Every structure is written in C-alpha cells, then in structure tokens.
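For reference, the structure is listed below as structure tokens.
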Amino acid sequence: MKSEPNVFSIDDLAKRPGRTEPWDGIRNYQARNFMRDDMSVGDGVLFYHSNCSPPGIAGYAEVAREAYPDETQFDEVSNYFDEKSSHEKPRWLNVDVKFIRKTKLLSLHEMREHKKLESMKVLQKGSRLSITPVTPEEWRYIQTLI
DNA sequence: GCCAACGTTGGC
DNA sequence: GCCAACGTTGGC
C-alpha cells in the first residue's frame, strides 16, 4: 500500500492510537476492489513510501479491519468528499491498517535489481495503483531482504 | 517541474 | 459505445 510520507508515513502510523488507522481517501475503483474483495483481517501489508526520495518499502503493517464505508466521502469539508455518494449507497470503502514494524528501506531501485521481484504489480510499467496485490512468493522473498 | 501512463468525464 | 479532453499519479 502506497502512501506519501510527507502526508502519512510509517512513523505516523506507529504514533496513531492503537497504532491503527483507516486507509481512507482511496478514490480508484480497482484499489477499492482490492480492499473489498481481497483483503482480510490479519493479512500482511507492505507499507510503501511514494513520491519521495528514495521511494520504497518502509515497513510492515497488517489489515486490522475488513473494508467498510470511508467516512471522508460524507464529509463536505474533506478533500475526499463525494457528492454522488450516500450513507445508503456508499461508493468508497477503506480497511484499517495496523503498524507492525519499520524496516530498513527497500528502495524501488533495489527492488528492480531482484529478478524474483520483477513480476510485482507495483513494479510494472505504468502502474499507478496505490494498492496492489503481492503473491506469497514475492512476500517470502521480500522477507529475506528486510 | 516534466511527462508517461493511466483513469474519468461527457458530448455525440 | 466511442473517444477527445482533462485530471491524477508518481518516478525522475
């Protein structure tokens, strides 16, 4: 899961009450569907710092609550407000994410040097999704690196 | 700041 | 349903 560290970093997550935070503000259907369909409580999360220097995986987290309506879509003063959404028919969802631990940064550059990671969705050309799946093989290999 | 690669919107 | 215009992401 990508986050811009100047907006919300792995350190910010560690400081939240219960070390847990709703992963709100997702306004892309594919990313929403990953949360809705493919993420369960206890699933591992790679916390990726994007739009920074250097970008890369900065820590481990886990899914702490399955997908539920994203409150920010109903908040008129929020940047994430969606006037086409309603409590009756919420359009956007989020999971809760819980801090596990920080890691040595596994930079994007370094990730690209590992052949066993070349299939990762997040490394594909043009990949812009802020949430992408990781295979068990990719997960296990990354654990040998950080 | 640039820009490639997407996703979304809306006229037709 | 097509597709041009526009907006966003995020590495560089």
Side-chain angles (χ1 to χ4, degrees), chain A residues 1-16 19-39 43-135 137-146:
Chain A
M1 300 179 89
K2 295 181 190 174
S3 185
E4 302 188 13
N6 62 336
V7 178
F8 190 78
S9 70
I10 186 80
D11 292 316
D12 293 326
L13 180 61
K15 285 185 237 158
R16 302 304 295 167
R19 295 187 147 191
T20 300
E21 181 77 355
W23 203 264
D24 56 19
I26 299 298
R27 296 294 180 268
N28 171 284
Y29 289 104
Q30 260 184 285
R32 180 203 66 182
N33 293 349
F34 282 136
M35 290 195 286
R36 184 190 63 193
D37 303 332
D38 299 319
M39 294 171 76
D43 283 353
V45 171
L46 300 170
F47 196 112
Y48 180 95
H49 282 174
S50 66
N51 205 11
C52 59
S53 187
I57 296 169
Y60 289 105
E62 69 177 15
V63 177
R65 182 178 167 186
E66 68 181 22
Y68 61 99
D70 178 341
E71 278 302 317
T72 63
Q73 71 195 303
F74 309 123
D75 179 358
E76 289 185 34
V77 301
S78 169
N79 287 334
Y80 300 119
F81 177 65
D82 184 348
E83 60 178 8
K84 293 177 182 166
S85 191
S86 66
H87 281 90
E88 294 69 35
K89 238 188 157 185
R91 177 178 294 194
W92 305 111
L93 307 172
N94 63 251
V95 296
D96 284 355
V97 169
K98 183 180 168 69
F99 176 86
I100 300 292
R101 68 180 175 91
K102 284 183 73 170
T103 60
K104 157 181 91 77
L105 188 88
L106 179 62
S107 71
L108 175 61
H109 178 77
E110 198 177 341
M111 290 169 74
R112 291 198 192 283
E113 290 177 339
H114 290 276
K115 195 146 197 329
K116 289 193 173 174
L117 298 181
E118 70 183 10
S119 60
M120 285 190 78
K121 284 261 171 36
V122 74
L123 300 185
Q124 302 311 301
K125 188 180 179 183
S127 167
R128 292 182 316 163
L129 277 179
S130 61
I131 301 174
T132 50
V134 178
T135 68
E137 293 74 20
E138 291 159 356
W139 177 269
R140 282 194 294 271
Y141 188 68
I142 284 172
Q143 287 193 307
T144 69
L145 302 176
I146 51 175

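Numbered from 1 within each chain, the chains take letters A, B, ... in sequence-line order. In what follows, every heavy atom counts, from backbone to side chain, and hydrogens, waters and symmetry copies are set aside. Worth saying up front: this structure is predicted, and the values here are computed from it rather than measured.
With the nearest nucleotide of DNA chain B identified for both K125(A) and R27(A), K125(A) has the one nearer the 5' end.
Counting only Watson-Crick or G-U wobble pairs whose defining distances are both under 3.5 Å, the stems of 3 or more consecutive pairs in DNA chain C are B:1-12 with C:1-12.
Computed from coordinates, the D82(A) CG to dG7(B) P distance equals 19 Å when rounded to whole Å. In this structure, F34(A) places its CZ atom 11 Å from P of dG7(B), rounding to the nearest Å.
The ring pair (Phe, Tyr, Trp, His ring centres under 6.0 Å) test applied to Y29(A) returns W92(A), not counting sequence neighbours. Looking at residues two or more places apart in sequence or on another chain, you find a ring pair (Phe, Tyr, Trp, His ring centres under 6.0 Å) between H87(A) and F74(A).
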Tabulate below the donor-acceptor pairs under 3.5 Å that side-chain atoms of residues 49-66 of chain A make, not counting sequence neighbours, or state none.
residue : atom : partner : partner atom : Å
H49(A)  : NE2  : I10(A)  : N            : 3.1
N51(A)  : ND2  : E4(A)   : OE1          : 3.4
N51(A)  : ND2  : E4(A)   : OE2          : 3.4

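Within the structure, the salt bridge (charged side-chain N to carboxylate O under 4.0 Å, His left out) test picks out the following pairs touching residues 103-115 of chain A (sequence neighbours left out): K104(A)-E110(A), K115(A)-E118(A).
Here the side chains of M1(A) and V95(A) are in contact, with some heavy-atom distance below 4.5 Å.
Side-chain atoms of D24(A) never come within 3.5 Å of backbone atoms of D70(A) as a donor-acceptor pair (strictly under, hydrogens ignored). Q73(A) places a side-chain N or O within donor-acceptor distance of the main-chain N or O of R91(A), the cut-off being under 3.5 Å.
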Kindly give the atom pairs (protein nitrogen or oxygen, nucleotide nitrogen or oxygen) under 3.5 Å for nucleotides 8-12 of chain C.
residue : atom : partner : partner atom : Å
dT8(C)  : O2   : R128(A) : NH1          : 2.4
dT9(C)  : O3'  : R128(A) : O            : 3.1
dG10(C) : OP1  : K2(A)   : NZ           : 3.0
dG10(C) : OP1  : R128(A) : O            : 2.8
dG11(C) : OP1  : Y48(A)  : OH           : 2.9
dG11(C) : OP2  : N51(A)  : N            : 2.8

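If you check the side chains of T72(A) and D75(A), you find no donor sitting under 3.5 Å from an acceptor.
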